[in-house]
Amino acid sequence: MPTTAKEVKEHGWDELDVILFSGDAYVDHPSFGAAVIGRVLYDLGLRVAIVPQPNWRDDLRDFKKLGIPRLFFGVTAGNMDSMVNHYTAGKRLRSNDAYTPGGKSGFRPDYATVVYTRILKELFPDVPVIVGGIEASLRRFTHYDYWKNELKPNILSWSGADLLVYGMGEHPLKELVRLLRKGVPVESLNTIPQTAILQDKEAPLPKNKNWEEIELFPHEECLEDQTKFAQNFRHIEEESNRMHPARLHQICGDQRIVVNPALPPLKEKEVDYSFSLPYTRLPHPRYHNKGAIPAFDMIKDSVNLHRGCFGGCSFCTISAHQGKFISSRSEESILREIQQVADSEDFKGSISDLGGPSANMYKMQGKDLSLCEKCKRPSCIFPSVCKNLNTSHQPLTEIYRKADQISGIRKTFIGSGVRYDMLLNENAPEEERKTHQEYLKELLTKHVSGRLKVAPEHTSDKVLKTMRKPSFGLFKRFTHKFQKINEEAGLNQQIIPYFISSHPACEERDMALLAAETKSLNFNLEQVQDFTPTPMTLATVMYYTGLDPYTMKKVYVARDKEEKTGQRQYFFWYKPQMRQQLERKIRNSGWFDVLKVLFPDKQPGNTTTRKQNYSKKKRISRKR
């Protein structure tokens, strides 16, 4: 798609229908949201251009250079929330940006969706602006912003945009474009599923007799009462996880945001459509000689198999954006894309990932969908695997095997995280358990590049329950199976576990026990992070309110920077610079059970260090 006036002319166009603005560099690949939306609009016969990473600090020429579109401006912050992109969990500014050539930072503003929209509305007040993408999607109601440490209103009120498309936006946009082409003004597009609009708070809701209605507590009341914010979240999450959700609405000032229900899970043909569009799978030529785009390098040889995730982890936004129900591609569509990757000029022979939000949820759904239509559980596998869930891994195993037979493919790896709780479900029917074992053997012997990523996240059952993750004992069982299969196959592979510190319910002793537990399993942790509150997650609501929205009971939260840093230190107990500080903290806390495991040379009553012991032995030796 064109990005400049010159490129627009080269297409033979004298006018554009839609101009997209994105906080990411333009990569024409199905893993980049702006490219997908652009390709869908182009496939509908629209003349579309994209302005990637416009300069918002100069004379705003990037916002003016392509003129005025006939239909609307589209705005997205990119594949990430701009604040997550910019700042660490400690609120330090990052020095790089994976979605920019050369990994350079500083090419997008904080709150990019809002900044771009306000500029466009100031320059072209009569042209509709439609926002979408992860940042807009997850800020569609009153939300806690960690970086400002405050509740912010819905992003339509905040930005001044005319309409919001939330979630995966291809199909709502098709309906929106159809109506715009018929001459329906944007202000009348108020009943399109998976969109949100603003209206006067006293105006009646747009009519739709098929939708249930839930009114949330007003934004202003949430500012005054955290419990109301927590109660709102429960409604938002439950409706996000229903197959046929209600329409939600919330007053904010003199306006009301109306969020229409999401579309039902996409059918196979609908998912295939998005991946069948003629992507070049390459960065735009404008980036030639400007350095690699790290995010593209990571995914260029990967293939996405499905959308959605029924894991329901409390710190994750996937279900709020993509939905809980799995929408899988057809085998034909997947294998066609793998062949396309294999045929590319610079392909080295290895597919880096055949995955999705979770690696092993392909083709999984309820055995009786009528039960799923009534369900609003946030997770199909926590606290236990739903008996109605078909967890057969056979379709996925077949995909792996057929991919390996494609000409030009030497190896296919699985880079997405594997949910081992399904693979160890002893209550599954025998037929499903057989597919679990077959999949696990296939995965570990043929699709691991020496290191398998899994995410136990913590060792404390109290913390894991808050995270909606299985007991750490299950991870131990998985580790045992992993080692057994490796030994039988003559392989020497590693498990790389992911862990989180400072998650709600996690206290310093929990981290000390985590360090001891993982040491006893011979792990020196690498893949770790401090919990970062992000909009529209259960864990973020707990962080802000100190309450569990489902029980309204208090939850311990580590908010102080010093305490968060203190929790994180336990990940690195094995580093020499940490030993003395942690040993002192553990001793002062009286956690001698932990001390015995982490620092066996530092037992109670023995205040000498190894260095002191060495010096003492040396003196004795000299005397002799």
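Just so you know, these numbers come straight off a predicted model, no measurement behind them.
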Item to check | Donor-acceptor contact below 3.5 Å, side chain Ser240 vs main chain Ile236 | outcome: yes
Checklist entry - According to the interplanar angle, ranging from 0 to 90°, do the rings of Phe296 and His29 count as parallel (below 30°), tilted (30 to 60°) or perpendicular (above 60°)? => result perpendicular
Next on the checklist: Pairing donors with acceptors under 3.5 angstrom, does anything connect the side chains of Ser82 and Asp110?
Outcome noted: no
Checklist outcome for this item: Here the pair of heavy atoms bringing Pro549 nearest to Met552 is O-SD, 3.7 Å
Item to check | Pair Glu170 + Lys174, salt bridge at N-O below 4.0 Å | outcome: no
Checklist entry - Are the side chain of Thr117 and the backbone of Thr113 linked by a donor-acceptor contact shorter than 3.5 Å? => result yes
Checklist entry - What pair of heavy atoms forms the shortest contact from Lys152 to Glu150, and how long is it? => result NZ-OE2, 2.9 Å
Next on the checklist: For Ala112, is there any backbone N or O sitting under 3.5 Å from a side-chain donor or acceptor partner on Arg108?
Outcome noted: no
Item to check | Short side-chain to backbone donor-acceptor contact, Asp28 and Tyr279, under 3.5 Å | outcome: no
Next on the checklist: Between Asp200 and Arg256, does any side-chain N to carboxylate O distance fall below 4.0 Å?
Outcome noted: no
Checklist outcome for this item: For Glu220 and Gly253, the nearest pair of non-hydrogen atoms, with its separation, is OE2-N, 2.8 Å
Checklist entry - Backbone N or O of Cys309 within a donor-acceptor pair of the Ser358 side chain at under 3.5 Å? => result no
Checklist entry - So, Thr540 side chain and Pro533 main chain: donor-acceptor pair closer than 3.5 Å or not? => result no
Checklist entry - If only atom types and distance count, is the side chain of Gln199 paired as donor or acceptor with the main-chain N or O of Ala203 below 3.5 Å? => result yes
Item to check | Non-hydrogen atoms of Leu216 and His235 that approach each other most closely | outcome: CD2-CB, 3.8 Å
Checklist entry - With a 3.5 Å cut-off and no angle check, do the side chains of Glu7 and His284 form a donor-acceptor pair? => result yes
Next on the checklist: Can you confirm whether the side chains of Ser502 and Asp530 place a donor and an acceptor under 3.5 Å from each other?
Outcome noted: yes
Item to check | Side-chain touch Met1/Val48, heavy atoms, less than 4.5 angstrom | outcome: yes
Next on the checklist: Less than 4.5 Å apart, side chain to side chain, heavy atoms only: is that true for Arg307 and Ser274?
Outcome noted: yes
Checklist outcome for this item: In terms of heavy-atom contacts, Ala320 and Leu138 come closest through CB-CD2, 3.8 Å
Item to check | Lys65/Asp62 salt bridge by N-O under 4.0 Å criterion | outcome: yes
Item to check | pair Leu16-Trp13: side-chain heavy atoms closer than 4.5 Å | outcome: yes
Item to check | Val186 side chain near Phe72 side chain, heavy-atom distance below 4.5 Å | outcome: no
Next on the checklist: In terms of relative ring orientation, are Phe315 and His503 parallel, tilted or perpendicular, with 30° and 60° separating the classes?
Outcome noted: perpendicular
Next on the checklist: Tell me if a side-chain donor or acceptor on Glu135 pairs with a main-chain N or O of Ala77 at a distance below 3.5 Å.
Outcome noted: no
Checklist entry - How are the rings of Tyr99 and Phe32 set relative to one another: parallel (under 30°), tilted (30 to 60°) or perpendicular (over 60°)? => result perpendicular
Next on the checklist: I'd like to check Asn55 versus Arg61 (side-chain heavy atoms, cut-off strictly below 4.5 Å). Are they in contact?
Outcome noted: no
Item to check | Student check: side-chain heavy atoms of Phe21 and Ile50 closer than 4.5 Å | outcome: no
Checklist entry - Mind checking whether Tyr146 and Tyr543 have parallel, tilted or perpendicular rings, split at 30° and 60°? => result perpendicular
Next on the checklist: Measuring only between side-chain heavy atoms, which start at C-beta, is Arg118 closer than 4.5 Å to Trp56?
Outcome noted: no
Checklist entry - Can you check whether Gly33's main-chain N or O pairs, donor with acceptor, with Asn79's side chain at less than 3.5 Å? => result yes
Item to check | More than 12 heavy atoms from other groups under 6.0 Å of CD on Glu15 | outcome: yes
Item to check | Salt bridge Lys363-Glu268, side-chain N to carboxylate O under 4.0 Å | outcome: yes
Next on the checklist: Which residue in the set Glu215, Glu213, Glu239, Glu212 passes side-chain contact (heavy atoms from CB on, under 4.5 Å) when paired with Arg247?
Outcome noted: Glu213
Next on the checklist: On a heavy-atom basis, which atom in Pro357 and which in Gln322 lie closest, and how many Å separate them?
Outcome noted: CG-OE1, 3.5 Å
Next on the checklist: How about NZ on Lys367, more than 12 heavy atoms from neighbouring residues, nucleotides or ligands closer than 6.0 Å, or not?
Outcome noted: yes
Item to check | Sub-4.5 Å side-chain heavy-atom contact between Lys121 and Asp162 | outcome: yes
Checklist entry - Does Gly311 offer a backbone N or O that forms a donor-acceptor pair with the side chain of Ser379 under 3.5 Å? => result yes
Checklist entry - So, Ser22 versus Asp24: side-chain donor-acceptor pair below 3.5 Å or not? => result no
Next on the checklist: Pair Leu20, Thr76 - check side chain to side chain contact (heavy atoms under 4.5 Å, CB included), show working.
Outcome noted: CA-CA 8 Å; Leu20 303 175; Thr76 175; over 6 Å; no
Item to check | Arg281 bridged to Glu337 by N-O distance under 4.0 Å | outcome: yes
Item to check | Nearest-0.5 Å distance that lies between atom OG in Ser159 and atom CG in Asn154 | outcome: 8.0 Å
Checklist entry - Is the Lys NZ or Arg CZ of Arg92 less than 6.0 Å from the centre of Tyr87's six-membered ring, within 45° of the axis? => result no
Checklist entry - Which is it for Val51 and Leu66 under the side chain to side chain contact (heavy atoms under 4.5 Å, CB included) test, yes or no, and what are the steps along the way? => result CA-CA 9 Å; Val51 182; Leu66 298 182; 3.6 Å; yes
Next on the checklist: When you compare the side chains of Tyr26 and Gln53, does any donor N or O come within less than 3.5 Å of an acceptor on the partner?
Outcome noted: no
Item to check | Electrostatic pair Arg468:Glu237 at N-O distance under 4.0 angstrom | outcome: yes
Checklist outcome for this item: CG (Asn388) and CD (Gln365) are apart, to the nearest 0.5 Å, by 9.5 Å
Next on the checklist: Regarding Asp145 and Arg139, does a basic nitrogen lie under 4.0 Å from an acidic carboxylate oxygen?
Outcome noted: yes
Item to check | Atom pair OG/NZ of Ser276 and Lys269 - distance to nearest 0.5 Å | outcome: 12.5 Å
Checklist entry - Is it the case that more than 12 heavy atoms not belonging to Lys387 sit under 6.0 Å from its NZ atom? => result no
Checklist entry - Applying the side-chain contact (heavy atoms from CB on, under 4.5 Å) test to Phe310, which of Ile318, Asn241, Val385, Leu389 qualifies? => result Leu389
Item to check | Distance (rounded to the nearest 0.5 Å) between Ile130 CD1 and Leu173 CG | outcome: 6.5 Å
Checklist entry - Looking at Lys267 and Glu270, does any basic side-chain N land under 4.0 Å from a carboxylate oxygen? => result no
Next on the checklist: Ser105 vs Asp97, test: side-chain hydrogen bond (donor to acceptor under 3.5 Å, both in side chains). Steps then yes/no.
Outcome noted: CA-CA 5 Å; Ser105 61; Asp97 183 339; over 6 Å; no
Checklist entry - To the nearest 0.5 Å, how far apart are NE2 in His306 and OG in Ser328? => result 6.5 Å
Checklist entry - Atom CZ of Phe325 and atom CG of Leu369: how far apart are they, to the nearest 0.5 Å? => result 8.5 Å
Next on the checklist: Between Lys553 and Asp548, does the salt bridge (Lys or Arg N to Asp or Glu O under 4.0 Å) criterion hold? Intermediate values first, please.
Outcome noted: CA-CA 6 Å; Lys553 292 181 179 178; Asp548 180 337; over 6 Å; no
